[in-house]
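Notes to accompany the following structure.
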There are 2 protein chains.
Amino acid sequence: MNIGEIARRAGVSRSTVSYALTGKRPVSEETKRRIQAVIDELGYRPNASARALKEGRTRTIGLVIPPASQRLTDMQLGFVASVVDAAARADLDVLLSPSGGEHDRSFERVVTGRRVDGVILMEIRLEDDRVARLQQLGLPFVGIGRTRHPEDMSWVDVDYETLIAKCVHHLADLGHRQLALVNRSAELVAAGYGPGHRAQSGFDRAIAERGLRGVRVCCADDAQAGQSCLEQLLTEHPGLTAIATINEAAVSGMYRGLAEAGLSVPGDFSIAGVAARHWAENLHPPLTAADVPADELGARAVELLIQRVADPGTPQHHLLVAPPISLRGSTGPARPRD
Amino acid sequence: MNIGEIARRAGVSRSTVSYALTGKRPVSEETKRRIQAVIDELGYRPNASARALKEGRTRTIGLVIPPASQRLTDMQLGFVASVVDAAARADLDVLLSPSGGEHDRSFERVVTGRRVDGVILMEIRLEDDRVARLQQLGLPFVGIGRTRHPEDMSWVDVDYETLIAKCVHHLADLGHRQLALVNRSAELVAAGYGPGHRAQSGFDRAIAERGLRGVRVCCADDAQAGQSCLEQLLTEHPGLTAIATINEAAVSGMYRGLAEAGLSVPGDFSIAGVAARHWAENLHPPLTAADVPADELGARAVELLIQRVADPGTPQHHLLVAPPISLRGSTGPARPRD
DNA sequence: TTGTAAGCGTTATCAG
DNA sequence: CTGATAACGCTTACAA
C-alpha cells in the first residue's frame with residue numbers, strides 16, 4: 001500500500017495526496033474528503049523510510065544508555081523514562097543504543113547512516129570518546145551529564161559537587177565530625193565518571209571548610225556491596241558517625257550493615273545523599289537526600305535536542321541543577337560511637 | 001556524503017561500491033582496497049533510510065514497553081535489557097514504544113509506516129488490542145507474555161500458574177496451613193493482566209489440592225504498598241503464616257511490615273514468590289523464589305522474531321518456562337501465630 | 001570483473 | 001486548486 005495506490009483510487013495525483021496529508025498546499029475540501037476516505041479504508045500510512053530519505057530527517061532520536069548488562073540504577077531508569085516520554089509527546093521515536101565500551105557497533109550504527117536526527121547521551125565520562133565522535137560527525141546531541149570541558153556541547157546535569165558539599169554541611173550542622181563519602185564503583189570512578197569525581201571535590205571542599213575528618217570509598221552499585229563497604233568503614237574508622245553518598249543502590253545494604261552492627265539510623269548514625277526521590281522515599285528509614293528531578297532533566301534534554309536539530313547554529317545550552325535536600329528520617333544529631 | 005561520491009573518488013561505478021560493501025558479488029582485491037581507502041578517509045556509511053527503502057526492511061525491531069511513567073519492575077527491566085542486548089548482538093536496532101493505553105500514538109507510529117521489521121510486545125493482557133492490531137497489520141511479532149487464546153501468536157512466557165502452585169506446595173510442605181497470595185495492583189489485574197490471573201488460578205488450585213485456607217489480595221508495585229498490605233493481612237487473618245507473591249517490588253515492604261509487627265522471617269512467617277534473581281538475592285533475608293530467566297526469555301523472543309521476519313510462514317512457537325524454586329532464607333517451618 | 005539503469009515511496013518544484 | 005516529474009541514496013537485475 002503506497003501513496004500511488006491511494007492517488008489512483010481517489011482519482012487524483014500522488015502530489016495531491018501528499019499535500020492533503022501534510023497540509024503544505026491548499027487542497028479543496030471535497031478532494032481532501034475523498035482522499036481521506038480511501039486512506040481510512042485501506043489503512044494507509046506513509047512509508048517512513050521513503051519520507052526520511054526525501055526529507056532528510058528521520059523524526060527519530062537516539063538514546064545512548066549504559067550497557068544494558070550492568071543494571072541501570074533507579075535514577076538512570078528515571079532519565080530513560082522521562083526522555084522516552086518527552087520524545088513521545090513531541091511525536092519522536094526513540095532508538096536505543098546500549099553502549100559504553102570503547103569500540104561499539106551499536107553506537108556506531110545509531111550515530112552514522114542518518115538513522116537519527118540527534119542523540120541524547122547518558123552517563124558521560126570526563127573524557128568521553130563518544131562526545132568527540134558526535135562532534136566530529138556534526139550530529140546534534142545533548143548530554144545528560146558533561147565532560148571535563150563541556151563548553152562546546154549542550155547538556156543538563158546534576159550538580160553533584162554542590163549537593164555532596166551540602167550534605168556534608170548538613171551533617172556537620174548536626175554535629176558530625178568524622179564523615180565518609182560512599183562513591184560509586186571504583187571502576188566507574190577510575191574510568192573518569194564525572195559525578196564520582198565531582199562528588200569527591202565537593203566532599204573534600206566541604207570537609208576542609210568545616211575542619212572535619214573525611215574518608216572516601218568506592219562501592220559497587222548493589223546492596224551487598226553497600227553492606228560490606230559499611231562493615232569495613234566501621235572497623236577501620238571507629239569514630240565515623242555519618243555518610244554522604246551518591247550510590248543510591250548501595251544504601252539499603254548500608255542500612256543493613258548498620259543494623260547488624262547494632263547501630264540505629266538516625267540515632268547512632270546518619271546518612272545523606274543524592275538519589276531519585278522514589279528510591280529515597282522507599283528506603284527505611286527514608287533517605288535524607290537531594291531529589292534528582294529526572295523528569296525535568298530528561299524533558300529539558302529532549303527540548304534542547306529538538307532545538308539543536310531544528311537549528312544547529314543555535315548556541316549551546318547548559319542546565320546545572322542543584323535541588324534542595326529533602327530532610328527525611330536518615331539524618332539526626334551526632335552521638336559519638338567510641 | 002553518498003555512495004556516488006565514493007564511487008567517483010575511487011574511479012568505479014556506484015554498484016561496485018555497493019557490492020564491495022555487501023560482498024554480494026565478487027570484487028577484485030585491488031578495487032576493493034581502493035574503495036575501502038576512500039570510505040575510510042571520508043568516513044562514509046550507507047544511508048539507512050535509502051537502504052531500508054530499497055530493501056524493504058529496516059534492520060530495526062520495535063520494543064513495546066509499559067508506559068514509562070509507571071516505573072518498570074526489576075523483572076521488566078531485565079526483559080528490556082536482554083532484548084536490547086540480543087538485538088545488538090544480531091546487529092539490529094531497537095525502537096522503543098512506551099504504550100499501554102488503548103489509543104496510542106507512539107504504538108501506531110512504530111507499527112505502521114514500515115518503521116520496524118517486527119515487534120516484541122511486553123506486558124500483554126488476556127485480551128489485548130495491540131495483539132489484534134499487529135495481527136491485522138500482518139506485522140511479525142513475538143509476545144513476552146500471552147493472551148487468553150495465544151495459539152495464533154508466538155510468545156515466550158513465565159508459567160506463573162505452575163510457579164505459584166509450587167510455592168504453595170513448598171509452603172504447605174513446611175506446615176503452613178493458612179496462606180495469602182499477594183498479587184500485583186488491583187488495576188492491573190482488573191485490566192486482565194495475564195500473570196495476575198494465572199497466579200490466582202495456580203494459587204486456588206494448590207490451596208484446594210492441599211486443603212488449605214487461602215486469601216488473595218492485590219498490592220501496588222512498591223514497598224510502601226507492600227507494608228500496608230501486609231499490616232492489613234495480619235490484622236484480618238490472625239492465623240496467616242505464609243505468603244506467595246508475584247509482586248517483587250512489594251516484598252521489601254512486606255518484610256518491613258512483618259518486622260514492625262515483631263515477626264521474624266522465616267522464624268515466624270514465610271514468603272515465597274516469583275522474582276528476578278538479582279532482586280531476590282538482594283532482599284534481606286534473600287527471597288525463596290522461582291528465578292525468572294529474563295535473559296533467556298528476552299534472547300529467545302528476539303530469536304523467534306528474527307525467524308518470523310525472515311519467514312513469516314514459519315509456524316508459531318511457544319515457550320513456557322517454569323524455573324525451579326531457589327530455596328533461600330525467606331521460608332521455614334510453620335510456627336502458629338495465634 | 002565491472003558498468004548501466006530501473007525503481008523503492010516520498011516530497012517539492014515547476015507548470016497549468 | 002491540481003498534475004507531471006525530478007530528485008533523495010541505495011540495491012540489483014541485466015549487459016558487457
Side-chain angles (χ1 to χ4, degrees), chain A residues 1-39 42-60 91 93 109 111-117 137 139, chain B residues 1-39 42-60 91 93 109 111-117 137 139:
Chain A
M1 187 50 41
N2 60 26
I3 200 173
E5 181 68 12
I6 304 296
R8 211 178 50 69
R9 301 215 192 191
V12 296
S13 73
R14 295 189 340 245
S15 48
T16 302
V17 177
S18 177
Y19 286 120
L21 245 32
T22 62
K24 293 186 182 172
R25 185 169 95 172
V27 173
S28 81
E29 278 309 316
E30 164 56 17
T31 38
K32 218 185 283 182
R33 256 199 338 86
R34 216 167 54 246
I35 290 170
Q36 194 56 52
V38 178
I39 286 178
L42 302 192
Y44 163 78
R45 295 292 311 270
N47 180 308
S49 303
R51 175 175 276 186
L53 175 58
K54 181 61 189 165
E55 289 191 328
R57 62 182 184 138
T58 58
R59 297 164 193 269
T60 303
D91 283 329
D93 286 321
R109 260 209 322 278
V111 302
T112 56
R114 307 248 103 88
R115 212 169 271 268
V116 297
D117 297 334
L137 288 169
L139 187 65
Chain B
M1 187 48 41
N2 60 27
I3 200 173
E5 181 68 11
I6 303 296
R8 210 178 51 69
R9 301 214 192 192
V12 296
S13 74
R14 304 202 324 263
S15 54
T16 302
V17 175
S18 177
Y19 286 121
L21 243 32
T22 62
K24 292 186 182 172
R25 185 169 94 171
V27 173
S28 80
E29 278 309 316
E30 164 56 17
T31 35
K32 217 184 284 182
R33 258 200 336 88
R34 214 166 58 245
I35 291 171
Q36 194 56 52
V38 178
I39 287 178
L42 302 191
Y44 164 77
R45 294 294 310 269
N47 180 307
S49 303
R51 175 175 279 185
L53 175 57
K54 180 62 189 167
E55 290 191 330
R57 61 180 183 140
T58 58
R59 298 162 192 268
T60 303
D91 282 329
D93 287 321
R109 259 209 322 277
V111 302
T112 56
R114 307 248 105 86
R115 212 169 268 271
V116 296
D117 297 334
L137 288 169
L139 188 64

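Chain letters run A, B, ... following the sequence lines, proteins first and then strands; every chain starts at 1.
- Where the helix from C/dT1-D/dA16 to C/dG16-D/dC1 starts and where it ends, the local axes point in directions that differ by 40°; five pairs per end, rounded to 10°.
- Checking the phosphate oxygens (OP1, OP2) of C/dT11, a side-chain nitrogen or oxygen of A/Ser18 falls inside 4.0 Å.
- With 3.5 Å as the limit, one finds a donor-acceptor pair spanning the side chains of B/Thr16 and B/Ser13.
- Side-chain nitrogen and oxygen atoms of B/Lys24 include at least one within less than 4.0 Å of the OP1 or OP2 phosphate oxygen of D/dT12.
- Ion pairing between A/Glu29 and A/Arg33 fails under the 4.0 Å rule for side-chain N and carboxylate O.
- Contact annotation: B/Asn2 side-chain N/O to D/dG9 OP1/OP2 distance is under 4.0 Å.
- Checking the phosphate oxygens (OP1, OP2) of C/dG3, a side-chain nitrogen or oxygen of B/Thr16 falls inside 4.0 Å.
- If you check distances only, the side chain of A/Arg25 does reach the base of D/dG3 with a donor-acceptor pair under 3.5 Å.
- Between A/Ser49 and C/dT10 there is no side-chain N or O to OP1 or OP2 distance below 4.0 Å.
- Note: B/Asn47 CG to A/Leu53 CG = 6.0 Å, rounded to the nearest 0.5 Å.
- Closest to the B/Arg14 side chain, of the nucleotides C/dA6, D/dC8, C/dC14, is C/dA6.
- With C/dT2, C/dT10, D/dG3 as the candidates, the nucleotide lying closest to the side chain of A/Val12 is D/dG3.
- Considering only side-chain N and O atoms, A/Arg51 lies under 4.0 angstrom from the phosphate OP1 or OP2 of C/dT11.
- The side chain of A/Leu53 sits closest to C/dG9 out of D/dA4, C/dG9, C/dG3.
- Between B/Tyr44 and the phosphate of D/dC10, there is a side-chain N or O to OP1/OP2 separation shorter than 4.0 Å.
- Taking a cutoff of 4.0 Å between a charged side-chain nitrogen and a carboxylate oxygen, B/Asp91 and B/Arg59 do not qualify as a salt bridge.
- The side chain of B/Lys54 approaches C/dA6 more closely than any other nucleotide in the set C/dA6, D/dG3, C/dT2.
- Between A/Thr31 and D/dT2, a side-chain N or O to OP1/OP2 separation shorter than 4.0 Å is present.
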